[in-house]
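Throughout, a chain's letter reflects where its sequence line sits, starting with A, and its residues are numbered from 1.
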Amino acid sequence: MSNETPVISNFIRTIINEDLKSGKREQVTTRFPPEPNGYLHIGHAKSICLNFGLATEYEGRCNLRFDDTNPVKEEDEYVVAIQDDVAWLGFDWGGEALFASDYFDQLYAWAIKLIKKGKAYVDSQSADEMRSNRGTLTESGTNSPYRDRTVEENLELFEKMKNGDFPDGAQILRAKIDMASPNMNLRDPAMYRIIHAHHHRTGDKWCVYPMYDFAHGQEDSIEGVTHSICTLEFEDHRPLYDWFLKELEIFAPQQIEFARLNLSYTVMSKRKLLQLVNEEYVEGWDDPRMPTISGMRRRGYPAAAIRQFCDRIGVGRGANWIDLSVLEDCVREQLNETAFRRQAVLNPLKVTITNFDKVEMLNAPNHPQQPDLGSRELPMSNELWIDRDDFMENPPSPKKYFRLGPEREVRLRNSYIIKCDEYITDEKGEVVELKCSADLDTLGKNPEGRKVKGIIHWVSAQHAQKVPVRIYDRLFNQENPDKASNYLEALNPESLQLTEAVVEPSLLKASQGETFQFERVGYFTVDSKDSKEGTPVFNRTVTLRDTWAKMK
RNA sequence: UGGGGCGUCGCCAAGCGGUAAGGCACUGGAUUUUGAUUCCAGCAUUCCCAGGUUCGAUCCCUGGCGCCCCAGCCA
């Protein structure tokens with residue numbers, strides 16, 4: 001059952017193939033390096049699939065490494081959630097997760113090495129002074145008055161920084177490169193800053209913490225990463241990444257940048273996702289409307305669908321904007337293969353079968369295309385619920401409209417053909433009940449002499465079970481929420497609608513996380529938080545493709 | 001206007017001097033007790049534009065145009 005898109009080449013594979021062929025590398029080691037300051041989202045999934053996928057393909061390894069260099073933003077809750085999500089996605093980092101904080105001693109020693117080489121200095125300027133001396137995009141910066149301190153002075157000051165002799169922001173360790181560089185990242189970038197904060201792993205051991213730029217390449221180097229894959233905005237950092245490695249004279253991984261994912265009708269920045277959670281626009285990181293891995297999992301998206309999506313969208317260096325429907329299609333494609341079929345009615349209309357006076361246990365397959373998946377019992381009786389959308393008082397021609405109308409015939413899914421003899425309306429003119437007669441000779445076979453094209457789903461009223469259903473829609477109603485003056489204004493007020501459905505009795509036994517196709521309606525997944533044994537709550541995962549709706 | 005990138009079908013994306021892969025979407029048509037699924041067929045004489053090199057250019061050169069990223073003691 002390999003319905004995942006076949007892998008096609010991309011520029012990263014090309015680079016790796018060349019490196020292997022030229023002998024520059026003998027094997028492939030990659031890494032996925034999240035900062036534990038939030039939950040993983042679909043954009044991370046792209047990176048995860050890329051990095052772990054490459055490792056699998058080239059029989060190398062991919063490390064899971066937490067880039068925990070900023071104690072004020074990072075928490076253990078995220079460390080746990082991230083590992084959970086990567087594993088759920090189906091990837092294995094072979095052993096224990098790694099942490100940048102495990103390398104703090106080495107990083108500190110390397111900082112001292114650079115000071116001794118005269119390549120780093122302690123600056124006593126304030127953040128504001130540093131900013132104004134950095135210059136602009138078109139004007140070069142100005143050297144710090146502290147730039148030429150002696151090695152001894154720098155060593156002593158850095159030691160004091162480490163010992164906690166200074167308050168936050170009082171001193172900073174900078175690389176001595178070039179304040180006139182057209183690349184802003186090379187204008188004496190910060191290496192170590194003072195932060196008196198409790199670190200989730202090292203506790204209060206440190207009051208100086210390395211900056212991303214001084215940490216990342218060295219972390220890669222320590223781990224023997226051959227290809228360090230990151231997103232495009234780090235491209236300008238690459239000369240700096242290479243500079244540290246060269247000055248430190250240590251193994252040099254190669255940084256390769258690719259374009260990050262943009263998905264329509266969603267936001268991807270962790271800052272914004274955090275705000276949605278903190279200000280309760282959603283019910284948490286795993287709210288089924290969130291573009292997080294955990295949200296999608298709870299919504300019922302299979303991991304295989306997310307992997308397929310990542311394969312399908314490819315990897316490139318140009319800005320790309322993927323439509324949400326591409327993801328939804330992957331979800332449908334996976335679920336179509338595996339989900340058991342059931343009958344459920346979301347908007348019930350009563351039907352009485354006038355010539356049917358018993359309860360009959362019908363047998364219905366769990367999956368019409370896969371008999372191996374077995375079947376279940378489906379009770380049929382003289383009072384049914386059908387969907388209101390399946391009846392029209394004044395339907396268009398039978399060639400255009402296959403469903404029920406006065407005098408029209410329709411197949412009850414997995415059951416008999418019925419004909420609408422009469423419909424009853426209330427004082428307001430609203431249809432409240434249909435009186436139909438069944439053709440008792442049509443169970444499991446077609447009638448002779450006529451074709452009945454329409455098929456509708458139904459549930460026996462006396463056997464029907466009521467269950468809560470949550471109808472989810474896109475979280476934002478603008479294609480690019482960031483285009484709005486404030487992305488919060490683009491929130492879709494109808495992204496969640498609570499309702500109920502009447503379902504066939506077998507559904508009461510559904511377990512948490514299980515996904516069903518409610519035939520002709522969509523895929524629904526038993527919520528893993530709010531469902532209890534025997535009382536499932538259903539999340540609508542995704543609708544079925546609906547060409548009829550498009551025709552209308 | 002400094003630097004770094006990118007520009008191939010509606011959306012992704014291969015190709016890297018030899019005459020435009022593939023996927024998704026879309027359009028027909030077949031099958032179907034889900035207007036679902038599945039199936040089969042169609043879908044860029046053209047690669048941002050203009051010059052140049054070449055027997056030959058999407059691929060090389062030059063000049064335009066358009067878009068993205070960079071001035072955190074964030075990552």
What is the distance, to the nearest angstrom, from the CZ atom on A/Phe214 to the C1' atom on B/C73?
15 Å
A/Thr547 near the nucleic acid: base, sugar-phosphate alone, or nothing, with a heavy-atom cut-off under 4.0 Å?
sugar-phosphate
For A/Ser506, all residues meeting side-chain hydrogen bond (donor to acceptor under 3.5 Å, both in side chains), sequence neighbours excluded:
A/Arg342, A/Glu504
With sequence neighbours excluded, tell me which residues meet side-chain hydrogen bond (donor to acceptor under 3.5 Å, both in side chains) with A/Lys272.
A/Asp482
Excluding sequence neighbours, so at least two apart, what forms side-chain contact (heavy atoms from CB on, under 4.5 Å) with A/Lys119?
A/Leu114, A/Lys117, A/Trp243, A/Glu247
Does A/Arg134 place a side-chain N or O at less than 4.0 Å from the phosphate oxygens OP1/OP2 of B/G72?
yes
Got a list of protein N/O to nucleotides 9-11 of chain B N/O distances below 3.5 Å?
{"residue": "B/C11", "atom": "O3'", "partner": "A/Trp321", "partner atom": "O", "Å": "3.4"}
{"residue": "B/C11", "atom": "O2'", "partner": "A/Trp321", "partner atom": "O", "Å": "3.2"}

So A/Asp213, base contact, sugar-phosphate only, or nothing? Heavy-atom distance under 4.0 Å.
nothing
Among the candidates B/U34, B/C73, B/A75, find the nucleotide nearest to the side-chain atoms of A/Tyr212.
B/A75
What protein N or O atoms touch nucleotides 67-70 of chain B N or O atoms at under 3.5 angstrom, if any, and at what distances?
none

Value in whole Å for how far the P atom of B/G35 lies from CG of A/Asp387
12 Å
Quick one: on RNA chain B, does A/Asn336 or A/Phe11 contact a more 5' nucleotide (nearest heavy atom)?
A/Phe11
Whether the A/Gln334 and A/Tyr523 side chains hold a donor-acceptor pair (N or O, under 3.5 Å, no angle test) is what I'd like checked.
no
Using a cut-off of 4.0 Å on non-hydrogen atoms, how would the nucleic acid contact of A/Lys550 be classed: base, sugar-phosphate, or nothing?
sugar-phosphate
Let me know the distance between CG of A/Asp389 and P of B/U34, rounded to the nearest Å.
19 Å
Pick base, sugar-phosphate or nothing for A/Arg131, based on heavy-atom distances below 4.0 Å to the nucleic acid.
sugar-phosphate
Counting the atoms with a prime plus P, OP1 and OP2 as sugar-phosphate, which does A/Gly169 contact under 4.0 Å by heavy atoms, base, sugar-phosphate, or nothing?
base
What residues, two or more places apart in sequence or in another chain, satisfy side-chain hydrogen bond (donor to acceptor under 3.5 Å, both in side chains) together with A/Lys399?
none
Short side-chain N/O contact from A/Ser140 to OP1 or OP2 of B/G2, under 4.0 Å
no
Which residues satisfy the ring pair (Phe, Tyr, Trp, His ring centres under 6.0 Å) test with A/Phe99, sequence neighbours excluded?
A/Phe66
Can you measure A/Phe32 atom CZ to B/A75 atom P for me and round it to whole angstrom units?
16 Å
side-chain contact (heavy atoms from CB on, under 4.5 Å) with A/Thr142: which residues, sequence neighbours excluded?
A/Asn133
Between B/G28 and B/C43, how far is it from one C1' atom to the other, in whole Å?
11 Å
Touch check for A/Ser126, heavy atoms < 4.0 angstrom, all strands: base, sugar-phosphate only, or nothing?
base
Rounded distance (Å) that lies between atom C1' of B/A36 and atom NE2 of A/His367:
10 Å
For B/G35 and A/Arg520 - does any side-chain N or O of the residue sit under 4.0 Å from the phosphate oxygens OP1/OP2?
yes
Mind checking if A/Gln369 touches a base, just sugar-phosphate, or nothing, with heavy atoms under 4.0 Å?
base
Could you check whether A/Glu328 gets within reach of a base, just the sugar-phosphate, or nothing at all, counting any heavy atom under 4.0 Å?
nothing
May I ask you to say what A/Arg317 touches in the nucleic acid, namely base, sugar-phosphate or nothing, with a heavy-atom cut-off under 4.0 Å?
sugar-phosphate
Just checking A/Met211: base, sugar-phosphate only, or nothing, at a heavy-atom cut-off of under 4.0 Å?
sugar-phosphate
Between A/Asp329 and A/Phe518, the residue closer to the 5' end of RNA chain B by nearest nucleotide is A/Asp329
Is a side-chain N or O of A/Asp387 found less than 3.5 angstrom from the main chain of A/His457, in a donor-acceptor match?
no
Could you state the atom-to-atom distance from CG of A/Leu186 to P of B/G4 in whole Å?
12 Å
For A/Glu235 and B/G4, what is the distance between atoms CD and C1' respectively, to the nearest whole Å?
6 Å
Which nucleotide wins on minimum distance to the side chain of A/Ile455, given the candidates B/C24, B/U34, B/A71?
B/U34
Could you check which nucleotide pairs with B/C74 in any of the strands shown, counting Watson-Crick or G-U wobble with both distances under 3.5 Å?
none
Could you give all pairs that pass the salt bridge (Lys or Arg N to Asp or Glu O under 4.0 Å) test and reach residues 313-331 of chain A, with sequence neighbours left out?
A/Glu235-A/Arg317, A/Glu257-A/Arg317, A/Asp329-A/Arg332, A/Asp329-A/Arg545
How would you label the contact of A/Tyr401 with the nucleic acid (heavy atoms, under 4.0 Å): base, sugar-phosphate, or nothing?
base
Side chain of A/Met130 - closest among B/A75, B/C73, B/G23:
B/C73
Heavy atoms only, 4.0 Å cut-off, all strands: where does A/Pro33 land among base, sugar-phosphate and nothing?
nothing
Does the structure show a Watson-Crick or G-U wobble partner for B/A20, both distances under 3.5 Å? Name it, or say none.
none
Below 4.0 angstrom, N of the basic side chain to O of the carboxylate: do A/Arg260 and A/Glu233 qualify?
yes
Using distance alone, with no hydrogens and no angle criterion, decide if A/Asp165 and A/Asn163 have a side-chain donor and acceptor under 3.5 Å apart.
no
Nearest to the side chain of A/Thr69, which nucleotide is it out of B/G35, B/C73, B/A75?
B/A75
Determine the interatomic distance between C1' on B/C24 and the same-named atom on B/A50; round to the nearest Å.
34 Å
Between A/Gln308 (CD) and B/G22 (P), how many Å, whole number?
18 Å
Run the side-chain contact (heavy atoms from CB on, under 4.5 Å) test against A/Pro71 and tell me which residues pass, sequence neighbours left out.
A/Ile195, A/Ala197, A/His199, A/Tyr209
Which of residues 436-453 of chain A sit near RNA chain B, with a heavy atom under 4.0 Å from it?
A/Thr442, A/Leu443, A/Gly444, A/Lys445, A/Lys453
Ignoring hydrogens and angles, are the base of B/G4 and the side chain of A/Arg238 linked by a donor-acceptor pair under 3.5 Å?
no
Taking side-chain hydrogen bond (donor to acceptor under 3.5 Å, both in side chains) as the test, write out the residues that go with A/Arg193, two or more places apart.
none
For B/G42, which nucleotide in any strand shown is its Watson-Crick or wobble partner with both distances under 3.5 Å?
B/C26
Pair assignment for B/U62, Watson-Crick or G-U wobble, requiring both distances under 3.5 Å:
B/A50
How is A/Gln171 classified with respect to the nucleic acid when contacts are heavy atoms under 4.0 Å: base, sugar-phosphate, or nothing?
nothing
